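What follows is a short report on a single structure.
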Amino acid sequence: MIERMSAASPPADLSSELLSLARAIALETGRMVVEARRGGVEVADRKSSPVDVVTQVDRDAEQLIRTRLAEVRPRDGFFGEEGAREPSESGITWVVDPIDGTVNFLYGIPHYAISIAAVAGEPDPQSWRALAAVVVNPVTGELFTATAGGGAYLGAQKLAIRAPAPLAESLIATGFAYSEKTRLEQGAAIARLLPRVRDIRRMGTASLDLCAVASGRVDAYFERTLSPWDHAAGALIATEAGARVSGFDGRRADHLMTLAAHPDSVEALEAVLRDIGA
Ligand code: IPD
Ligand code: CA
Ligand code: CA
C-alpha cells in the first residue's frame with residue numbers, strides 16, 4: 001500500500017498497474033456510453049452557461065468509473081467533472097472526464113472520449129505528477145494510453161509527435177470556452193491567427209486534441225479555460241509522445257492556458273499567441 005506517495009518518483013510498476021485498471025474501466029464505460037446513445041440522448045441540465053450541457057449519460061458514466069475504481073482501489077481519491085469528489089488516502093487521485101466532448105456526443109458526432117488519469121499529489125495541475133492516462137474514443141475504438149516515463153501509445157503503436165514546422169505550415173487545434181465573454185475574445189484571437197497558419201481545427205474534445213498532437217495529426221494545440229479533467233490524461237499522452245505541454249510564462253498547463261507543441265516550436269508559438277491575445 002502506498003502511504004502519502006510523493007509526487008516526485010512513482011514506481012514504474014505502479015504506473016502500469018494504474019494504467020491497466022484505467023484502460024479496463026475506460027473501455028467498459030465506453031461500451032456503456034455508446035449503448036446508451038443508441039436509446040437517444042437529451043440534455044439533463046445546463047451548467048456554467050446555456051451552451052454548457054450535461055446529459056444523464058455523463059453522470060452515469062462518472063458513477064460507473066467511480067464505482068469500478070473504488071472496488072479495486074478504495075483509498076485513492078477521485079476528482080470528476082460531474083461533481084464526484086473523494087479525498088485521497090493513498091496519495092493517488094483519479095482525475096476523470098466521463099464524456100469529454102459532450103456536445104459532439106449530444107449531436108452524434110463520433111468524436112468524444114472517456115478520459116481517465118491517475119495523478120500523484122493533490123488534484124491540482126500546478127503540482128500533480130501524472131502517472132497513467134487513458135483517453136478512448138468509444139465510437140472509433142481508438143485507445144490512447146501513457147505512463148510516466150513509459151511512452152505513449154495508440155493501441156499497440158508507439159506515438160511520436162510531428163517534426164517541428166514553421167508556423168505558416170502548422171495545423172493548430174484549439175477549443176472555445178462556454179462563456180460568451182471569453183468566446184468574444186477567443187473569436188478575435190482566432191481571426192488574427194488564421195491568416196498566419198496552415199489552418200485551424202476545432203474538433204470539440206480537448207483530450208482528443210492533445211492526443212492529436214501526440215499522434216502527429218496536428219502540429220500544436222492550445223486552449224484557455226480548460227478544467228483539470230479536460231487535460232490531465234491527454235497532457236501526459238502528449239508529453240510522453242515528445243510534446244512540451246505547458247501554460248504561459250513557464251507555468252504548467254492549467255485553466256489559464258494549455259499549450260502543446262514540439263519543444264522546438266513552443267516558445268515561438270507562445271509569443272504569437274500572446275501577440276494575438278489568445
Ligand atoms: C469540453 C471539450 C471542448 C473544449 C471545452 C471543454 P466537455 O469538454 O473538451 O473541446 O473546448 O473547453 O470544456 O464539456 O465536453 O467535457
Ligand atoms: Ca471536458
Ligand atoms: Ca465532460
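Every number for a ligand or one of its atoms is a count from 1 in the order of the listing. Treat the numbers as computed from the prediction; the structure is a model and nothing was measured.
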Where's the contact between Glu82 and ligand 1, heavy-atom distance under 4.0 Å: side chain, backbone, both or neither?
neither
Quick look: Asn104 vs ligand 1, heavy-atom contacts under 4.0 Å, and the answer is neither
For the Ca ion (ligand 3), does an N/O/S atom of Val54 lie at less than 3.0 Å?
no
Please find out if the Ca ion (ligand 3) and some N, O or S atom of Asp100 are separated by less than 3.0 Å.
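Checking the Ca ion (ligand 3) against Asp100, no N, O or S atom falls under 3.0 Å.
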Are any of the N or O atoms of [X] closer than 3.5 Å to those of ligand 1?
X      : result
Asp97  : yes
Ala206 : yes
Tyr178 : yes
Thr102 : yes

Sub-6.0 Å ring centroid separation between Phe79 and Trp229:
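For Phe79 and Trp229, the ring centres are under 6.0 Å apart.
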Can Glu185 and Lys181 be counted as an ion pair, charged N to O under 4.0 angstrom?
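Salt bridge present between Glu185 and Lys181.
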Electrostatic pair Glu81:Lys47 at N-O distance under 4.0 angstrom
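Looking at Glu81 and Lys47, the cut-off is met.
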Run the contact test for Asp58 against ligand 1 with a 4.0 Å cut-off on heavy atoms, strictly below, and give the result.
no
Does some non-hydrogen atom of Met203 fall short of 4.0 Å from ligand 1?
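Judged by the 4.0 Å heavy-atom criterion, Met203 does not count as contacting ligand 1.
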Nearest non-hydrogen protein atom, [atom]:
atom                   : value
atom 4 (C) of ligand 1 : Glu223 OE2, 3.1 Å
atom 6 (C) of ligand 1 : Asp230 OD1, 3.8 Å
atom 8 (O) of ligand 1 : Asp100 OD1, 3.0 Å

Distance alone, cut at 3.5 Å: any donor-acceptor contact between the side chains of Ser115 and Asp100?
no
Taking the six-membered ring of Phe78, is NZ or CZ of Arg85 closer than 6.0 Å to its centre and within 45° of its axis?
no
Proximal heteroatom of Asp97 relative to the Ca ion (ligand 2) (N/O/S):
OD2
In Asp230, what N, O or S atom is nearest to the Ca ion (ligand 2), if we give its atom name?
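Looking only at N, O and S atoms of Asp230, the one nearest the Ca ion (ligand 2) is named OD1.
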Evaluate the salt bridge (Lys or Arg N to Asp or Glu O under 4.0 Å) criterion for residues Arg252 and Asp254: first the C-alpha distance (whole Å), next the side-chain angles of each, then the deciding distance (0.1 Å), finally the verdict.
CA-CA 6 Å; Arg252 296 176 67 184; Asp254 68 358; over 6 Å; no
Tyr112 vs Phe105 aromatic rings, parallel, tilted or perpendicular, using cut-offs 30° and 60°?
perpendicular
Do you know which two heavy atoms are closest between Leu106 and Arg37, and how far apart they sit?
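Taking every non-hydrogen atom into account, O-NH2, 3.0 Å.
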Atom CD of residue position Glu267 - does it have more than 12 heavy atoms of other residues, nucleotides or ligands inside 6.0 Å?
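Open: at most 12 neighbouring heavy atoms sit under 6.0 Å from CD of Glu267.
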Before moving on, can you tell me the angle at the Ca ion (ligand 3) between the O atom of Ile99 and the OE1 atom of Glu81, to the nearest 10 degrees?
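Taking the Ca ion (ligand 3) as the apex, I get 160° for this pair.
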On a heavy-atom basis, I'd like to know which of Gly204, Gly175, Pro98 is closest to atom 10 (O) of ligand 1.
Gly204
